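Computed over heavy atoms, backbone and side chain alike; hydrogens, waters and symmetry mates excluded. Nothing here was measured: the structure is a model prediction, and the numbers come from that model. A, B, ... follow the sequence lines: proteins, then strands. Residue 1 opens every chain.
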Protein chains: 2
Amino acid sequence: MPKITFYNLSIEKREKLINAVKQEFSRVPLSQASISNIVKSARIPRGSFYQYFEDKEDAFFYLLEERVKRNQSEVYFLLNKHNGDIFEMMIAFFEKVITEQDENRNFLKNLFLNMTYEVEHEFGRSFKGYETNQQFVQFESKVNKEILHISNQDEFKYLMKILTSVLLRSIIETFSKDQSKEDALRNFKLEITLLKRGLKK
Amino acid sequence: MPKITFYNLSIEKREKLINAVKQEFSRVPLSQASISNIVKSARIPRGSFYQYFEDKEDAFFYLLEERVKRNQSEVYFLLNKHNGDIFEMMIAFFEKVITEQDENRNFLKNLFLNMTYEVEHEFGRSFKGYETNQQFVQFESKVNKEILHISNQDEFKYLMKILTSVLLRSIIETFSKDQSKEDALRNFKLEITLLKRGLKK
DNA sequence: TTGACATATGACACGTTGTCATTTAAGATT
DNA sequence: AATCTTAAATGACAACGTGTCATATGTCAA
């Protein structure tokens, strides 16, 4: 987590810093990003960076968390829009992510092509909320369970795990192969179809 | 790929080097591994390392590829053992990976908790073989398609994609949460059950 | 013995990281 | 206004890691 001093920053200075951070993580993935570049582009002395963040990772996860918060709103919105149909929500979410433009796209590309467990775990919160609160229950209540082939609470969790792992892998494939929106969507929809109807006769 | 000089090495020296490499990548994930440590533990001069490998990644992927080759044999073996039932093969493979012991386990843990796209792609070859040859067709021919709910060649590919992504995420979860073999297996089997019967009523 | 080629070696230049002693700023107190 | 106190800013620096390169050493054939 960013240090208190970060939050005490004036809006302008904070924006300047965030932009520099974003720029660096859009340029290269976390492992290749350099603090030297960030401070250079934000025009702050090196020591200052460490006044605001613990390290590279800290800055990266700050950015990621902001994105996850936006995702959560998006997920709610899409779930409502599709009347609680989780499959349709996933497809809409998939489409939204892969059509992101410009710097955001590069950030996402670097993010998805370098999905360590920690990053995946954080990103997964887009759908689950944070354990500490009741967001998962809240989320669950928005889902139309009528159409799902599950017999208990527990199975719903596994269903979500399956869906998010297929979603993630599809996004990764899209970015890695630079697939067109159309191709990517067709592939993902096909996988969802298979998932819905089952893999075994 | 390792350079020719690497393959010209005497068996003893090569073993010594490989062990040092393995040790380092069992200690920490790729991004944190250091060549300095490797050469120290292999007792070779720094320059020699670069005589054999391009860089850290090169050494890492060499190790990974060796593992993938072994996986391929294992997959064939397990597929035969279970009469072409791909679901049973997956479960058996899952069990084998998560019960790996000692240094191998640490290597795998670092591997799975830091699954970048490139690593995942390489690892995925455990099931698919290499594109350049007919291994995928060969693999496919060993699978009992009778029990699969697919209507064409193409759908089989998607089915494999789904299964491998669920398998991977399950392994990752097992390592990240340090689950017991029993818990992990129970969870994975449940997911396979859901996958088989379909997620939608 | 010599030449030609492959391999080995380790010092070095370069870049990056995180720290810390020092300076500067911002309030609070008298 | 002068002084004190605490927070924040600064940049030089030590420590470390990387990849290279000029030089040394080994090998083998002519």
Side-chain angles (χ1 to χ4, degrees), chain A residues 1-64 107 110 114 116 118-119, chain B residues 1-64 107 110 114 116 118-119:
Chain A
M1 277 201 328
K3 301 184 178 174
I4 342 95
T5 46
F6 174 73
Y7 296 103
N8 291 339
L9 245 32
S10 70
I11 310 221
E12 309 86 54
K13 203 168 179 187
R14 190 157 77 207
E15 282 297 315
K16 204 176 63 172
L17 177 53
I18 291 177
N19 280 333
V21 170
K22 204 173 204 170
Q23 192 186 325
E24 181 64 1
F25 289 121
S26 301
R27 188 181 69 83
V28 285
L30 177 55
S31 62
Q32 290 167 45
S34 102
I35 293 173
S36 297
N37 273 336
I38 295 173
V39 299
K40 209 184 298 167
S41 118
R43 302 192 194 206
I44 58 172
R46 182 171 190 78
S48 292
F49 179 90
Y50 289 94
Q51 208 77 299
Y52 310 133
F53 297 110
E54 293 290 341
D55 49 27
K56 243 197 329 188
E57 280 73 21
D58 195 25
F60 180 79
F61 276 92
Y62 168 74
L63 229 52
L64 178 55
F107 177 74
N110 288 327
N114 297 274
T116 66
E118 254 198 307
V119 173
Chain B
M1 278 199 330
K3 302 183 178 175
I4 342 95
T5 46
F6 174 74
Y7 296 103
N8 291 339
L9 245 33
S10 72
I11 309 222
E12 308 86 54
K13 203 168 177 187
R14 190 157 74 208
E15 281 298 315
K16 204 176 63 171
L17 177 53
I18 291 178
N19 281 333
V21 170
K22 204 174 203 168
Q23 192 185 325
E24 180 64 358
F25 289 121
S26 301
R27 188 182 70 82
V28 285
L30 176 54
S31 63
Q32 289 166 46
S34 100
I35 293 172
S36 298
N37 273 336
I38 295 174
V39 299
K40 209 185 297 167
S41 119
R43 302 192 193 206
I44 58 172
R46 183 171 190 79
S48 291
F49 179 90
Y50 289 95
Q51 209 76 295
Y52 310 133
F53 297 110
E54 293 291 340
D55 49 27
K56 246 197 326 189
E57 281 72 22
D58 194 26
F60 180 80
F61 277 93
Y62 168 75
L63 230 54
L64 177 55
F107 177 74
N110 288 327
N114 296 274
T116 65
E118 253 197 308
V119 174

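- Where pairing requires Watson-Crick or G-U contacts shorter than 3.5 Å, the helical stems of DNA chain D with at least three consecutive pairs are C:1-30 with D:1-30.
- A:Lys3 comes within 4.0 angstrom of no nucleic acid atom, judged by non-hydrogen atoms across all strands.
- The closest donor-acceptor contact from the side chain of A:Lys56 to the backbone of A:Ile35 lies at 3.5 Å or more, if one exists at all.
- In this structure, B:Ser31 contributes its side chain and A:Ser31 its backbone to no donor-acceptor pair below 3.5 Å.
- Contacts between residues 31-48 of chain A and DNA chain C, counted as heavy-atom distances below 4.0 Å, involve A:Ala33, A:Ser34, A:Ile35, A:Ser36, A:Arg46.
- Summarising the geometry of B:Gln32 relative to B:Arg27, their closest heavy-atom pair is O-NH2, 4.2 Å, with the distance given to 0.1 Å.
- A pairwise comparison of heavy atoms in A:Phe25 and A:Ala33 identifies CE2-CB, 3.4 Å as the closest pair.
- By the 30° and 60° cut-offs, the orientation of the rings of B:Tyr62 relative to B:Phe53 is tilted.
- Boundaries of the chain A contact region on DNA chain D are D:dA8 to D:dG11, first to last in 5' to 3' order (nucleotide atom under 4.0 Å from a heavy atom).
- Computed from coordinates, the A:Asp55 CG to C:dT16 P distance equals 17 Å when rounded to whole Å.
- The two residues A:Asn110 and A:Ser26 make their nearest non-hydrogen contact at ND2-O, 2.9 Å.
- Of the possible donor and acceptor atoms, one in the side chain of A:Arg14 sits under 3.5 Å from a partner among the backbone N and O of A:Tyr7.
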Apply the test side chain to side chain contact (heavy atoms under 4.5 Å, CB included) to residues B:Val119 and B:Phe61: give CA-CA distance (whole Å), side-chain angles for both, the deciding distance (0.1 Å), then the verdict. CA-CA 8 Å; B:Val119 174; B:Phe61 277 93; 4.0 Å; yes
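- Residue-level contact check: A:Tyr52 touches the backbone only, with heavy atoms under 4.0 Å from sugar-phosphate atoms and none from bases.
- The minimum heavy-atom distance linking A:Ile44 with A:Phe49 is given by the pair CD1-N, 4.1 Å.
- Separating the CZ atom in A:Phe60 from the CG atom in A:Asp55 is a distance of 12.5 Å, to the nearest 0.5 Å.
- We find that CG of B:Asn8 is positioned 9 Å from C1' of C:dA6, with the value rounded to whole Å.
- In this entry the distance linking NZ of A:Lys13 with C1' of C:dA25 reads 11 Å, nearest Å.
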